[in-house]
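This report refers to the structure that appears directly beneath it.
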There are 2 protein chains.
Amino acid sequence: MVQRQEPAGMELIHLLREVTLQLDLAGAQFAGRNGLHPTDLRALIGLLDAARAGVPSTPGRLGAHLGLNSAGTTALVDRLERLGLIRRVRDTRDRRRVLLEVDERAVALGQSFFGPLIDRTLALLDTFDTGERAAIRRFLDGVREAAQSP
Amino acid sequence: MVQRQEPAGMELIHLLREVTLQLDLAGAQFAGRNGLHPTDLRALIGLLDAARAGVPSTPGRLGAHLGLNSAGTTALVDRLERLGLIRRVRDTRDRRRVLLEVDERAVALGQSFFGPLIDRTLALLDTFDTGERAAIRRFLDGVREAAQSP
DNA sequence: CCTAATATCTCGCTCATCGAGATACTTGCC
DNA sequence: GGCAAGTATCTCGATGAGCGAGATATTAGG
């Protein structure tokens with residue numbers, strides 16, 4: 001072995017990376033199977049989250065969330081609308097704005113992807129006690145912050 | 001509140017999703033800053049992993065790993081080679097094959113991205129005791145399996 | 001040897017995304 | 001009120017990643 005000795009925690013880091021890779025891959029596969037692109041799926045997730053939180057969605061917000069410019073965002077919204085997953089509705093208060101309403105089909109699609117994954121993860125979480133769950137939460141929170149700082 | 005009551009574990013699930021989102025975003029930002037596309041970064045990660053494990057890389061393996069077809073793989077390898085991150089070397093044993101050698105620049109680039117993130121995560125892991133680390137590992141392992149099954 | 005299998009590459013195309021700018025509407029200032 | 005500046009979205013043309021089909025070179029098997 002020519003390699004340098006790795007610190008003990010590296011095993012967990014590789015595991016974490018593996019998890020994100022698998023989740024991404026699952027998303028890409030699901031997207032492909034349903035005739036949408038990875039970006040469309042990410043958009044859908046954002047739209048469903050916003051809808052659940054009661055926050056109104058607009059092309060502007062969506063594009064900013066995904067890091068697209070306005071042209072790309074318009075194309076994205078066109079695709080999602082053509083698929084019948086969302087509807088464009090002019091805002092009556094501010095008539096420059098367009099509100100994006102998610103269709104029932106989109107909710108169902110989201111369920112069909114996340115449902116099984118969520119169920120399995122909830123079942124998994126049931127096998128941990130309170131202290132263990134707290135540790136997991138603190139770990140995930142720490143990683144999130146570590147990823148955020150530049 | 002019109003929303004349905006969520007199970008207790010949902011909080012952790014959303015946190016996990018947030019983590020993967022932040023990690024993806026960090027990767028995309030880093031890629032953009034260095035003039036490469038998300039796919040190029042994923043390719044680089046795979047190549048560096050293979051190099052560390054002593055497994056020889058070829059366009060075929062790389063393309064399969066990323067889910068690209070042969071045309072896209074050739075274009076990807078062209079890009080990486082043009083950036084000076086890898087070199088193409090004909091295999092002398094099987095002269096149909098091309099071996100991909102990662103340049104020192106690629107290793108340095110990988111370090112500059114993952115280094116700080118890894119350091120911070122290792123420091124974070126130091127704040128957990130053995131039992132807590134075991135719980136985290138079991139959780140990540142379970143999620144990975146949950147994401148893999150169709 | 002000669003056919004089948006394998007590894008990579010080339011060509012032409014599609015389509016997501018970008019930059020630049022057009023359009024429509026709102027807000028604030030005089 | 002009315003006009004300038006700001007904001008939200010969309011249109012147009014261009015760029016480039018990735019795909020399907022097929023070409024080329026090399027190896028393996030009967």
To the nearest Å, how far apart are [X] [atom1] and [N] [atom2]?
X: L80(B); N: dG16(D); atom1: CG; atom2: P; value: 16 Å
X: R42(A); N: dT17(C); atom1: CZ; atom2: C1'; value: 14 Å
X: H37(A); N: dT14(C); atom1: NE2; atom2: C1'; value: 10 Å
X: H65(A); N: dT17(C); atom1: NE2; atom2: P; value: 14 Å
X: D40(B); N: dA17(D); atom1: CG; atom2: P; value: 7 Å
X: R79(B); N: dT15(D); atom1: CZ; atom2: P; value: 17 Å

Q | Pair E81(A) + R88(A), salt bridge at N-O below 4.0 Å | A | yes
| task | Inspect the contact between R17(A) and D49(B) and indicate whether a charged nitrogen and a carboxylate oxygen are less than 4.0 angstrom apart. | result | yes
inquiry  = dA7(C), OP1 or OP2 - any side-chain N/O from R93(B) closer than 4.0 Å?
reply    = no
Pairs under 3.5 Å (Watson-Crick or G-U), crossing ones as [ ], inter-strand ones as |: DNA chain D comes out as ||||||||||||||||||||||||||||||
| query | Any donor-acceptor pair under 3.5 Å joining the side chain of N69(B) to the base of dG18(D)? | reply | no
Using a heavy-atom cut-off of under 4.0 Å over every strand shown, decide if G67(B) touches base, sugar-phosphate, or nothing. sugar-phosphate
Open item on the list: Under 3.5 Å, is there a donor on one side chain and an acceptor on the other for T127(A) and R138(B)?
Closed with: yes
| query | With a 4.5 Å limit on heavy-atom distance, are the side chains of S57(B) and L99(B) in contact? | reply | no
Has R61(A) got more than 12 heavy atoms of other residues, nucleotides or ligands less than 6.0 Å from its CZ?
-> no
Q. Does one hydrophobic cluster hold both L66(A) and L85(A), with members joined at side-chain heavy-atom distances below 4.5 Å?
A. yes
With B for base contact, S for sugar-phosphate-only contact and - for none (protein heavy atoms under 4.0 Å), nucleotides 5-10 of chain D reads -BBSSB
